[in-house]
Structures are given as C-alpha cells and as structure tokens.
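In what follows, a single structure is set out as structure tokens and then discussed.
Count residues from 1 along the sequence. Small disclaimer: the values here were computed from a predicted structure and weren't measured.
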Amino acid sequence: MILPIRTIGDPVLKTPAKPVTEFGGSLRTLADDMIETMYAAPGVGLAGPQVGVSQRLFVFDDGQTGPLFLANPELFDADGEQVAEEGCLSIPGPYYPTSRRATVSCRGQDLDGGPFEITGEGLLARILQHETDHLEGMLFIDRLDDAGRREVLAELRRIELGIVEPRDPRRIADA
C-alpha cells in the first residue's frame, strides 16, 4: 500500500523518533508499504517520520544493496567528505549541494530484531546519513547555511506555484 509522504511543515518531521521495540508482522507490513511508497515516489530512502510513524526505522535502496530495512540505526566510523546535490521526498522538488561524510558505517536491527550492520561510501553513505537525520528530526536543509536554505525554500515555493517544474528525481539520487 502506498503511504502518504509527510512534507516540510509537518511536526512529525521535526520530532526525534522513538526506538523500535516491537518486531513482528505489523513491522514487516509497514516496511513493505514503505518500500512500495519509496519506489513509487520515486526515491532511494524513506524514514518512518516521513510516513507519519515516529519510530527509528527506515528503508533504502541505493541500486546495489536493497531494498533493505534498518531499525534503531547508529552511525559510526564516519570519514572524509563528499558534496553532492541532495533532495528529499519531504521537500518535493528542490535539490541543493549538501556536505556529508564520504564513508560511514551503520549498525542497528533487521526486521526480526537481529543485529544488522552496513558500511557505505558515496550514495549509500549519503542515504544512511540522510535517513538517520530524519530520525533525529532533521531535514537536509537543516545542514545548509542560511543562503542555501533560503534558495531551497524559494525553489520549493516556485514549484508549488507552478512557475518551474520539479527536477526529475531519477536524474539526481534522492535520499
């Protein structure tokens, strides 16, 4: 089932999510629905808060590894820097150069509550950081300076007014 994606201004996006404590059939159904929603959007990652679920979980697919599910993620061993255009399904349309760590490892739990660990570089590292930010109540624009944030919000407004078309998210990987 395709779930509605919450957009900028929705309080759930600015609220730190709670840990996942129950694993089972309902979590598996939620994960399946989130994966279907992510692909339909289209995007490469989708966090619980983006579909109104304030729990520390996300799904992702960088085109190499997934689709995968991760609950209660913790980032570690982050190194280097990469700057690339980044977008967000909760800020539909605009993209902006955003600095992230070039490599990062992430550990958490799989759908059964078992341990799960992954290390990524490039796009996968960006996805892991972007989706974990959502669980902390952060959007990618929160990482931008004031001028960058104003530029993204102005482009979003132009898109909403129909002045410009949103960019094709298949052209730029959208976490």
Problem - With sequence neighbours excluded, residues passing side chain to side chain donor-acceptor pair (under 3.5 Å) with S54 - result: none
Fill in the blank from the handout: Distance col, row L153:CG vs I91:CD1, nearest 0.5 angstrom, shows 7.0 Å
Handout entry: Distance, nearest 0.5 Å, that separates CD1 of I141 from CZ of R150
Key = 12.0 Å
Practice task
Evaluate the criterion side-chain contact (heavy atoms from CB on, under 4.5 Å) for residue pair T103 and T119; output intermediate values, then yes/no.
Solution key: CA-CA 7 Å; T103 62; T119 298; 5.5 Å; no
Exercise for the section: Answer yes or no: is there a side-chain heavy-atom contact under 4.5 Å between V83 and P97? Expected result: yes
Problem - Pairwise distance CE(M38) to CD(E131) - rounded to 0.5 angstrom - result: 9.0 Å
Exercise for the section: Is it possible for you to say whether L123 and L70 belong to one hydrophobic cluster, with membership spreading through side-chain heavy-atom contacts below 4.5 Å? Expected result: yes
Problem - Flag if over 12 foreign heavy atoms under 6.0 Å of NZ, K18 - result: no
Handout entry: Residues, nucleotides or ligands: over 12 heavy atoms within 6.0 Å of E160 CD
Key = yes
Practice task
Answer whether the closest heavy-atom distance between the side chains of I159 and P94 falls below 4.5 Å.
Solution key: yes
Exercise for the section: Return each pair, listed once, that meets salt bridge (charged side-chain N to carboxylate O under 4.0 Å, His left out) where at least one residue sits in residues 100-119; pairs must be two or more places apart or across chains. Expected result: R28-D112, E74-R107, E86-R100, R100-D133
Exercise for the section: Please work out which of the three classes, parallel, tilted or perpendicular, describes the rings of F60 and F58, given edges at 30° and 60°. Expected result: tilted
Exercise for the section: Considering non-hydrogen atoms only, spot the tightest contact between L135 and R56 and give its length. Expected result: O-NH1, 3.3 Å
Handout entry: Atom pair CG/NE2 of L57 and H134 - distance to nearest 0.5 Å
Key = 12.5 Å
Handout entry: pair L68-F116: side-chain heavy atoms closer than 4.5 Å
Key = yes
Practice task
Can you measure from CG (L139) to CZ (R149) and round to the nearest 0.5 angstrom?
Solution key: 10.5 Å
Practice task
Please confirm whether the backbone N or O of D77 pairs with a side-chain atom of S105, one donor and one acceptor, at under 3.5 Å?
Solution key: no
Exercise for the section: Using a 4.5 Å cut-off on heavy atoms from C-beta on, say whether the side chain of E85 contacts that of T98. Expected result: no
Exercise for the section: Please confirm whether the backbone N or O of T7 pairs with a side-chain atom of D10, one donor and one acceptor, at under 3.5 Å? Expected result: no
Exercise for the section: Could you tell me whether a side-chain N or O of Q82 sits under 3.5 Å from a main-chain N or O of G122, the two making a donor and an acceptor? Expected result: yes
Problem - Approximate separation, where rounding is to 0.5 Å, of L46 CG and I35 CD1 - result: 9.5 Å
Exercise for the section: Hey, could you give me each pair passing salt bridge (charged side-chain N to carboxylate O under 4.0 Å, His left out) that has a residue in residues 61-72? Not counting sequence neighbours. Expected result: none
